[in-house]
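Not measured: the values here are computed from a predicted model.
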Amino acid sequence: LREVDCLGMRELAHLEGLHAVEEGAAGVGAVRVLVAHRPGSAAEVLERLAVIEGKPLDEHLLVAQSYLASPAFVGREHELELIRERMLQVHGHSLLVVGPAGIGRTRLLDACLLAAKLAGMTPLRVDGDDVERAHGVAGALLSQLLRLAPDLTRELAGEDLPCLAALAPELLQASASPAVSAAHAALRRLLLAFADRMPLVIGVDDLTRLDEASAALLALLAREPRKQGITLIATSERTALETADSAHRMFAASAERITLDSLDIRATRGVLASIFGHSPELEGMVERLHAIVHGNPRDLLRVAQHLVDHA
């Protein structure tokens, strides 16, 4: 705190209408004041920007909808804590989060990857959309490694560098074109070597949307006896696994399963309070909305959006 950039603090203080900040101990107090004056929501940010720019603000639409942008993460604290414990253990883990559509699998996965990053791990994230890109999920994983730790990735690739260039041509000046299966094997070796230096957390949203080759790569990692330092977290609809390819089922068989249930009424109240604020009117509609959506978070937010648009 003593090394706070006082010039930057003065500029912030001016924007907030505060007194100029002095160096040293006064800067610590200014930090507290600025935190207290920080906008509490996207709605308040829009209001302040409108005032600065001198433009009218459509409060009914823009401000109301901005409260829906990021509802609080509630109702999944137990699952998040369980996964966090697994990530912090020395030996690797494979986890599969299952539940029906709209139950919050993606939101939980994103919260886990954020927790991994805050814990000093290297988070990688892929999903079914990566199947459409060049070199699919394997290319997405390698590209993220190169972006997050380019020097370490190249160092650990070693003699596999030409082979891996099939997935990420930026590894070499001249593109190579070895077989994709060989490139996947080389990537698996790279991920294991990387995890020896820095813990890895690989998040996979909608496992069953991955092509079979990508699912096989993840399944082999999940069954790898040397996968210390690698945590694999995948999500899937429960029913989709029943008709999935053998590689997807192989991963599911080797992973610890975490089932997401519907939100209880307390969690429904927490989500709605994070959107609309605590009020007597809120209590009157919590039970009705909970009964309508049966504790499904996605449907709850859709109803909330409807209320914002039409109520």
Would you find a donor on one side and an acceptor on the other, under 3.5 Å apart, between the side chain of [X] and the backbone of [Y]?
| X | Y | result |
| --- | --- | --- |
| Arg76 | Gly104 | no |
| Asn296 | Ala101 | yes |
| Ser254 | Phe251 | yes |
| Gln144 | Leu142 | no |
| Thr153 | Leu145 | yes |
| His248 | Ala240 | no |

For [X] against [Y], the heavy-atom pair lying closest together:
| X | Y | result |
| --- | --- | --- |
| Leu109 | Gly203 | CD1-CA, 3.7 Å |
| Ala157 | Leu190 | N-CD1, 3.8 Å |
| Ala244 | Thr208 | CB-CG2, 4.0 Å |
| Leu167 | Ala138 | CD1-CB, 3.9 Å |
| Ala219 | Ala247 | CB-O, 3.8 Å |
| Ala234 | Leu207 | CB-CB, 4.3 Å |

Measuring from [X]:[atom1] to [Y]:[atom2], what's the distance to the nearest 0.5 Å?
| X | Y | atom1 | atom2 | result |
| --- | --- | --- | --- | --- |
| Arg249 | Thr243 | CZ | OG1 | 9.0 Å |
| Arg107 | Leu80 | CZ | CG | 11.0 Å |
| Arg197 | Leu156 | CZ | CG | 5.0 Å |
| His306 | Leu289 | NE2 | CG | 10.5 Å |
| Arg302 | Ile292 | CZ | CD1 | 14.5 Å |
| Leu200 | Leu232 | CG | CG | 9.0 Å |

With a 4.5 Å cut-off on side-chain heavy atoms, are [Y] and [X] touching?
| X | Y | answer |
| --- | --- | --- |
| Ile83 | Thr231 | no |
| Glu155 | Asp151 | no |
| Arg84 | Leu82 | no |
| Lys117 | Thr122 | no |
| Val126 | Asp205 | no |
| Arg257 | Leu241 | yes |
| Ile233 | Ile202 | no |
| Met87 | His93 | no |

For this session: List the steps and the verdict of side chain to side chain contact (heavy atoms under 4.5 Å, CB included) for Leu192 and Asp196.
Result: CA-CA 7 Å; Leu192 291 169; Asp196 284 339; 5.7 Å; no
Contacts of type side-chain contact (heavy atoms from CB on, under 4.5 Å), residue [X], not counting sequence neighbours:
| X | value |
| --- | --- |
| Val293 | Asp299, Leu300, Val303 |
| Asp206 | Arg105, Arg209, Thr235 |
| Ser262 | Ile103 |
| Asp261 | Thr259 |

Taking only residues two or more places apart in sequence or in another chain, which ones pass salt bridge (charged side-chain N to carboxylate O under 4.0 Å, His left out) with [X]?
| X | value |
| --- | --- |
| Arg189 | Asp160 |
| Glu237 | none |
| Arg86 | Glu256 |
| Glu287 | none |

Hey, any chance [X] and [Y] share a hydrophobic cluster, counting ILVMFWY side chains that come within less than 4.5 Å of each other, even indirectly?
| X | Y | value |
| --- | --- | --- |
| Ile230 | Leu148 | yes |
| Met250 | Leu217 | no |
| Leu220 | Leu124 | no |

Seminar exercise, completed: Applying side-chain hydrogen bond (donor to acceptor under 3.5 Å, both in side chains) to Gln228 and not counting sequence neighbours gives none
Problem set entry | Inter- and intrachain pairs under side chain to side chain donor-acceptor pair (under 3.5 Å), touching residues 211-222, at least two apart | Asp211-Ser214, Glu212-Ser246
Exercise. Stepwise, does the side chain to side chain contact (heavy atoms under 4.5 Å, CB included) test hold for Val97 with Glu79?
Worked result: CA-CA 9 Å; Val97 179; Glu79 291 85 354; over 6 Å; no
Problem set entry | His290: ring pair (Phe, Tyr, Trp, His ring centres under 6.0 Å) partners, not counting sequence neighbours | none
Problem set entry | Asp127 vs Arg125, side chain to side chain contact (heavy atoms under 4.5 Å, CB included): CA-CA, chis, key distance, verdict | CA-CA 7 Å; Asp127 56 35; Arg125 189 188 193 284; 3.2 Å; yes
Problem set entry | Gln89 atom CD, neighbour heavy-atom count above 12 within 6.0 Å | yes
For this session: Begin with the C-alpha distance, continue with both residues' side-chain angles, and end with the deciding distance and a verdict on side chain to side chain contact (heavy atoms under 4.5 Å, CB included) for Val286 and Ile265.
Result: CA-CA 8 Å; Val286 167; Ile265 193 166; 3.9 Å; yes
Exercise. How is the hydrophobic cluster of Leu118 composed, in terms of its other members, when Ile, Leu, Val, Met, Phe, Trp and Tyr link through side-chain heavy atoms under 4.5 Å apart, directly or indirectly?
Worked result: Leu114
